[in-house]
S.K.: 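If you scroll down you'll find the structure; I have some questions about it.
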Number of protein chains: 2
Amino acid sequence: MRDVAERAGVSIATVSRVLSGSRPVRPDIAERVREVSEELGYRRNLLASSLRRQRTGTVGVVVPNAGDLRHARLVQALSQELHQRGDTVLMAHAQGSPEIEEESALRLLDRSVDGLVIVPCDVLRSRGLVATISRHVHVVQVENDVGVSGVDLIAVDEGAGVRLMLAHLAEIGRRRTLLVVEEGPEAGSARLEAYRQAAEAGRTTAVDEPVLGSGGMALGREVAERVTVGGDRGVDAIVCGDDLVALGALDGLRARSLAVPGDVAVTGFDDVGLAEVASPSLTTVHRPLAEIAAAAVERLEHARAAGGGPAVVWRLPPTIVVRESTVGPD
Amino acid sequence: MRDVAERAGVSIATVSRVLSGSRPVRPDIAERVREVSEELGYRRNLLASSLRRQRTGTVGVVVPNAGDLRHARLVQALSQELHQRGDTVLMAHAQGSPEIEEESALRLLDRSVDGLVIVPCDVLRSRGLVATISRHVHVVQVENDVGVSGVDLIAVDEGAGVRLMLAHLAEIGRRRTLLVVEEGPEAGSARLEAYRQAAEAGRTTAVDEPVLGSGGMALGREVAERVTVGGDRGVDAIVCGDDLVALGALDGLRARSLAVPGDVAVTGFDDVGLAEVASPSLTTVHRPLAEIAAAAVERLEHARAAGGGPAVVWRLPPTIVVRESTVGPD
DNA sequence: CTGTTAGCGCGTTCAC
DNA sequence: GTGAACGCGCTAACAG
């Protein structure tokens, strides 16, 4: 920076002002400074800048598992959004372990991130971590709520997703449904609740008790292999808690030579890459990751500008994507 | 840090030495310092440390598209590997555009990353960027080679993958193969070449000219719909350039009510999540992402320790994962 | 082994 | 509008 200042015949402070745009500088002089720094290939050292300004222009992103498509897409959306605002992403992934999550998150803190968005990997065991870091930096939780007061939460409105799907099914004359969701305190219960309410309100008919289980694809396959399909007592649509389970269901039905959606419709949840490559492609609830990312960044921006303010809880409405598994040729 | 020094009755330098472990300190004193800093909840400011040491403990990772499963898994593997070494990941994704890639990478440079691993998004148009950044920091390219001398390259040995797959097929009596790959200067040609050589050497029979095309799933579906299967002139295995194409092939064959692998086997390439959820599950070439990540990190470590040294080109051998689409029940 | 001091490269007070 | 000097928090070099 000294070199640039000398070559441009100005002081080092002027160079700083031109390059950071922190204060007005005479246009001709500014132009000259820019030329010289271009010429010398000079770039300011953001480390020094950050140290001085107490702001780094970096945001920490912590996800349970970076290799999972859902989180990968979220990171992508966040990264894109942050890039636009001139920020850089410091990424960490918990590898499914609260211990690693904690260590990673603290490391990001040590690097003085301006904000942190985290998908807590365990609703219970991540709680202390979120409480701690939220005392140092603005934190926004995504998806999972660990229940620390004063911390933002951005999630999708799971209940709305279920209602949307049931409405679609009702519209195409499928009211004899079976719900299959993965167990877990997280999103499953909200969906279950919404489903039960819909059944009580008569917007769908719960042919059987909802199936709770685990095992991803295997769960769906298993259910599909034993469910009674068609007729007065049978099911005409299997509503799955995520796309992977739905894939399993498709597989199980195929093994029985049942047609989808001819004999029975199948629906998923997430729409993060699996649904469109399934065969038949899956009608599914689309998780609005771009909107989630935008909302998270908006909250960080807000905190930066307005300081504190009360925490918010935003449940964003998902949309539904209709594909072959409910209205297809079969 | 001053506070800690005072409370522990030592100098600020001693605190630094204890916490960074840069020099031996008397054990009792060290213990006391650690206690005090724990007590005060003190954590050293890595920004200041980095500024002083000219090393940040961060590594930049640039991928074409963070939402793509292949790159997501790579980032995951890298992140894991780097976490172990105590490093943090600064992530950027190019969103498919060389311009954004360039801007992102330069930003990472401005943040003084210790090293950079990049999957160049365009073999031609990313060249200048790689040349530029490699003058400032140790760069390791992954997958795509932009052809700048002196820059490491870690990739998978595509030819070996094809040979492995053809050997497996031959072993189960499938020699009448058809190759279907996506066009592109990148990996496709290496596979094509390996295939042709195998055909000439009589290790497989190319029933027809290899199909080059684009469109992912649609490409595979289209080929499957028109290919002649079985008999003296037909195909008994479709070898696809990636799992998505293979998925399309499965779909196309299903539409014709042909059994996989009964009537014809299908194989993929990548094994990053799609192959195991396909139905039937896909026999595929496994891209060794963990090994690639480990190799990349090893190179960075090497550069850190040994300084320069000549650049390396490592083509890692893939493995083959046998699933239902070649040896299944059908 | 420990303390003192200088300075990493900037942004920001102040005076002018 | 511009320049000089201080300090962000830490580590490296030296002296003790």
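None of the values given here were measured: they were computed from a predicted structure. Below, each value reflects all heavy atoms present in this structure, side chains not excepted, and no hydrogens, waters or symmetry copies. Proteins come first, then strands; the chains are lettered A, B, ... in the order of their sequence lines, and each starts at number 1.
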S.K.: Quick one: on DNA chain C, does B/A48 or B/V25 contact a more 5' nucleotide (nearest heavy atom)?
M.R.: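 Comparing both residues, the 5'-ward one is B/V25.
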S.K.: Give the rounded distance in Å between these two atoms: CZ of B/R44 and P of D/dG9.
M.R.: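 Going from CZ in B/R44 over to P in D/dG9 covers 15 Å.
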S.K.: In whole Å, I'd like the distance from the CG atom of B/L46 to the C1' atom of D/dC10.
M.R.: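 It is 10 Å, rounded to the nearest whole Å.
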S.K.: What contact category does A/T14 fall into here, base, sugar-phosphate, or nothing, at under 4.0 angstrom with non-hydrogen atoms?
M.R.: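 Touches sugar-phosphate only.
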S.K.: For A/R111 and A/T56, which I'm curious about, is there any donor-acceptor pair between the side chains at under 3.5 Å?
M.R.: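 Note: A/R111 and A/T56 side chains miss the donor-acceptor criterion.
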S.K.: Are the charged groups of B/R70 and B/E143 less than 4.0 angstrom apart, N to O?
M.R.: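 Yes.
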S.K.: Report the nucleotide, chosen from D/dA12, C/dG3, C/dC1, that has the shortest atom-to-atom distance to any side-chain atom of B/P24.
M.R.: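 The closest nucleotide is C/dC1.
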S.K.: Tell me what A/M1 touches on the nucleic acid: a base, only sugar-phosphate, or nothing, going by heavy atoms under 4.0 Å.
M.R.: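 Counting heavy atoms under 4.0 Å across all strands, the contact made by A/M1 is with sugar-phosphate only.
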S.K.: Expressed in angstrom and rounded to an integer, what is the separation of A/I12 atom CD1 from C/dT13 atom P?
M.R.: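 Distance check: A/I12 CD1 to C/dT13 P gives 17 Å.
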S.K.: DNA chain C: B/R52 or B/R26, which has the more 5' nearest nucleotide?
M.R.: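 The residue whose closest nucleotide sits nearer the 5' end is B/R26.
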S.K.: Side chain of B/Y42 only, please: which of D/dC10, C/dC8, D/dT2 is the nearest?
M.R.: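 Per side-chain heavy atoms of B/Y42, the pick is D/dC10.
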S.K.: Starting at CD of B/E31 and ending at P of C/dC1, how long is that distance when rounded to a whole Å?
M.R.: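 Rounding to the nearest Å, CD of B/E31 and P of C/dC1 are 16 Å apart.
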S.K.: Ignoring the backbone of A/Q54, work out which of C/dG11, D/dC8, D/dA4 is nearest its side chain.
M.R.: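 For A/Q54, the side-chain atoms sit closest to D/dC8.
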S.K.: Check the distance between D/dC8's C1' and A/N45's CG and give it to me in whole angstrom.
M.R.: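 Atom CG in A/N45 sits about 13 Å away from atom C1' in D/dC8.
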S.K.: From CZ of A/R2 over to C1' of D/dG3, roughly how many Å is that when rounded to an integer?
M.R.: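 So the CZ-C1' distance, A/R2 to D/dG3, works out to 16 Å.
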S.K.: Using a distance-only test with no angle check, is there a side-chain donor-acceptor pair under 3.5 angstrom linking B/D270 and B/H286?
M.R.: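 No donor-acceptor contact under 3.5 Å links the two side chains.
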S.K.: Whether the B/D114 and B/H138 side chains hold a donor-acceptor pair (N or O, under 3.5 Å, no angle test) is what I'd like checked.
M.R.: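 There is no such pair (donor and acceptor under 3.5 Å, judged by atom type) between the side chains of B/D114 and B/H138.
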S.K.: Distance check needed: D/dT2 C1' versus A/D28 CG, whole Å only.
M.R.: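 Result: 13 Å.
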S.K.: Any luck finding a side-chain donor-acceptor pair between A/S97 and A/Q95 under 3.5 Å?
M.R.: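 Short answer, no.
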S.K.: B/S22 side chain N/O closer than 4.0 Å to the phosphate oxygens (OP1, OP2) of D/dT11?
M.R.: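 Indeed not, no polar side-chain atom of B/S22 lies that close.
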S.K.: State whether the distance check finds a donor on one side and an acceptor on the other, under 3.5 Å, for side chain B/R17 versus base C/dG3.
M.R.: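 Indeed, a donor on one side and an acceptor on the other fall under 3.5 Å apart.
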S.K.: Check every strand shown and say whether A/I29 touches a base, only sugar-phosphate, or nothing at a heavy-atom separation below 4.0 Å.
M.R.: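 Contact class for A/I29: sugar-phosphate only.
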S.K.: Expressed in angstrom and rounded to an integer, what is the separation of B/E6 atom CD from C/dT2 atom C1'?
M.R.: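 It works out to 17 Å between those atoms.
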S.K.: Does C/dG3 have its OP1 or OP2 closer than 4.0 Å to a side-chain nitrogen or oxygen of B/S11?
M.R.: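 Result: yes.
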